[in-house]
Amino acid sequence: MELASKYDPKEVESKWYEYWLDHKLFSSKPDNREPYTIVIPPPNVTGVLHMGHMLNNTIQDILVRRARMEGKNACWVPGTDHASIATEAKVVGKLAEQGIKKTDLTREQFLEHAWDWTREHGGIILKQLRKLGCSCDWDRTAFTMDETRSKGVIKVFVDLYRKGYIYRGVRMVNWDPKAQTALSDEEVVYKDEHSKLYYLKYYVAPEDQASIERKDEGNVMHKDEKGYYAVVATTRPETIMGDSAMCINPEDVKNTWLKGKHVIVPLVNRVIPVIEDGYVDIQFGTGCLKVTPAHDVNDHMLGLKHHLETIDIFNDDGTISEAAGLYVGQDRMDVRKQIAKDLTSAGLMEKIEDYDNKVGFSERTNVPIEPKLSTQWFLKMQHFADIALPPVMDDDIEFYPKKYKNTYRHWLENIKDWCISRQLWWGHRIPAYYFRTADGKRDFVVAETAEEALKLAQEKNASLTAADLEQESDCLDTWFSSWLWPISVFDGINHPDNAEIKYYYPTSDLVTGPDIIFFWVARMIMAGYEYRGQMPFKHVYFTGIVRDKLGRKMSKSLGNSPDPLKLIEQYGADGVRMGMMLSAPAGNDILFDESLCEQGRNFNNKIWNAFRLVQGWQTDDSLATPEANKQAVAWFTAKMKEVNAIMDDQFKTYRISEALMTVYRLFWDEFSSWYLEMVKPEYGKPIDTATYQATLHFFDDLLKMLHPFMPFITEELWQHLYDRKDGESIMKATLNIAAPNDDDKKLCDEMEQVKQVISGVRTIRNQKNIAPKKALKLQAVAANPYAAYDDIVKKMANVESVETVSDKSADASVFMVGTQEYAVPVGDLIDVKAEIEKQEKELQHLEGFLAGIQKKLANENFIAHAPEAVVARERKKQQDSEEKIAALKESLSHLKAK
RNA sequence: GUCGGCAUAGCUCAGUUGGUUAGAGUAUCACCUUGACAUGGUGGGGGUCCUUGGUUCGAAUCCAAGUGUCGACACCA
């Protein structure tokens, strides 16, 4: 068959993906083989593939394919996440485009729209993963909100409630005014902001003005024509409507004159007390703090302690509420600007300063978070922290890289209760049911179904009917379903003893980003131990963040994120996969550069052309195998063993990029540049059968070693290499390469020396500008330790003869391999001056080297303390360099005599 | 502010318990359009291993301090 000189991935890729699907090669069923399981970190159901997914899923596919070829029963479970906030926001946005407000719809109507949206956009990302070559068992595709998973989530909620870990209560939570829901602490990201610090005048109340007096020399008292006033510094002047006290530190000498007084909230004209609490930082601002219990965590605490009124001045959407009395209905951000102006014109603004602080933003909607008091559901976390910390610290679950153990420990040691309720509709509705008790009080029960709930409620009020029960409207945090993922994909929550969960759990490797170590990884570990009594995975491989080559995060606004599908189009999936992996050590950010995909594509082409070469060879059974070919085959056999062992180790330690580089060099340098050139027959001439067969065998093994990284081209060539039956695939092939022994090592070392001889001749050729076609003579001075390989040297260096001489030719240019001197007669081209220069430079280097060794060996302490082997090595080095120096000196004296 | 990571060739990184005057890929330069491949071949150049001090016979490697950088967490309104 005629193959094009350039590899074209397009049709090859779709052809083989279809083939793999048709033959169910990704599918896994429990059997008696060792299982290898990965669950995909489920992407957002309506998301599209970005570079982070490309990296993450490439790594997973490499691991899965490798495990499959190791003979394990590999199972990669795909699926998607309902992504409560993100998806609901998208649906709300889409409805808004059609002029529909969420508030105009019933819950059922809204969910109808949401499911439509999910059906329309859901799974696009999974289709995209197929383009990348991902070998997921698609029949197992799960969704966090499908029936099985939903049932499991509810079951877990009820279970945890009954165990006493879930409670409901009024707490200060992180409120997202855009999504209009509470968030967990993890969903708040703090960002540096350049903001302003406003200094506001709080006049002392009229009835207290007369009694103002200096209590301490250090008092800082403010007075103008309207009387005495205090100055409060705040970054949030719009919250003054919620002030219910002013607080000073009792130890603060600046403010003792304010003790026991009352002040007037500017503009609002409400009188509030001055309270004292050690919480206030004397150094900050004026030492006067406005207390807004409804809108700040610390103020809330002060409010509880000092029994202050709580005035909630915000509506759920971040506009000002009726309770504020001023600016009602306006947005908080607009009010901040407006109130600053109004305060200034009313003479109530002392000054405004620039100020840098950190502001919490919603991770999903990117709006500033509002601390808000509300009734929410929480999960007590201490128990879960207690079960999740030891296995990671003890390396039962291993993190790659290890540094994330610290991050993990820090979080678990400072764990706070998890706010699990969300004021959203798209998600798992909390299975709590409200009703009135016989004496009219509001109460609730928690149960998996409405029927069960009714039974429980009836125990408290026998007269209740189904219609009297009202289910909680909140739904659960998305991560409350994700944390069950490794169990729930095998239906292990609903049916804890089913054959699948018993076989596939615990999973083997988890590949994910460190940004969700708390959101997801830690919580899966918690759920794993709580519900299986066992770790959810044995190894966690943390990928880095994909950045552009300037080190910037990829983002839509910067426009520096390439479209993954376009990249695949351009370089082929194998090329892009390789581009991702070439620079992706675990945990390090990867600086993505398209030129890496180009390198990947070039490698594809190299493999392709190596195949074309071998495929084009004609064999002749009557040909005896030349000695040189026997040597080449023996050497490469040993080399394969050596490199395969290295790769094994790299995979075991999750050094996947290094493993790729290892096989890259094996194929390109050792196989293509050395081995194939050694055995390549002259143009138009046949090759002996034994060498040909050995070469095909090498190729077969090399393709297998490459397959996890580049599944498509390897399948294509593997199918061409021998006659394969329908249904056969490289995917199912196993790699059986023995470990290298001492003979193999010796053989490899020897060939390295021979390569140096060849390189030596080539260097002279280059230096003297001698055409590759012109045959040269090679002289081994005094001895030829690698005489057995002369044929290989002749072929590779285009040398017509290798002679052992006692005196080299006068017109020879020389080089050394180890302690052995070689000479290449170059006739007229000899430049004695240049030759002297070259050799003197070499001599200088060697003498420096020797001096260092001699110094070491002259050091009695070294001889006394260093291990014998090290001393012996130094002695050998000394001897070798002395020999080399002697040879060089002699050579130089001959040259100079001319 | 607390804790942690990192600093090696122009760039991206290896360097496995301390022991050759430190390696790879890529970029770069020179030569080569030979018959698998110019998406290629051959060869070359390129490093004060961040700084300073210490431990040691011996330090890129261990320790301390400093500088730079990245990250996690916590924050003063």
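A note on names: the letters A, B, ... follow the listed sequences, proteins ahead of strands, and every chain is numbered from 1.
Heavy atoms of A/Trp668 sit under 4.0 angstrom from primed sugar atoms or phosphate atoms, though from no base atom. Backbone-only engagement by A/Asn298 is indicated by non-hydrogen atom pairs under 4.0 Å involving sugar-phosphate atoms exclusively. Across all strands, A/Gln599 comes closer than 4.0 Å only to sugar-phosphate atoms, never to a base (heavy-atom distances). Heavy atoms of A/Val614 sit nowhere under 4.0 angstrom from any nucleic acid atom. Contacts of A/Asp281 with the nucleic acid, taken as non-hydrogen atoms under 4.0 Å apart, include base atoms.
Remark: B/C37 base-pairs with no nucleotide in the shown strands. Criterion, Watson-Crick or G-U wobble with two distances under 3.5 Å. Using the Watson-Crick or G-U wobble rule with both distances under 3.5 Å, B/A59 pairs with nothing in any strand shown.
Judged by distance alone with a 3.5 Å cut-off, no donor-acceptor contact links the side chain of A/Gln767 to the base of B/A30.
Two residues, A/Tyr7 and A/Thr235, neighbour RNA chain B, and the one matched to the more 5' nucleotide by heavy-atom proximity is A/Tyr7. Each of A/Asn406 and A/Gly852 has a nearest nucleotide on RNA chain B; the 5'-most of these lies closest to A/Asn406.
Side-chain N/O atoms of A/Arg601 include none lying less than 4.0 angstrom from OP1 or OP2 on B/U39. Between A/Ser595 and B/U26, a side-chain N or O to OP1/OP2 separation shorter than 4.0 Å is absent.
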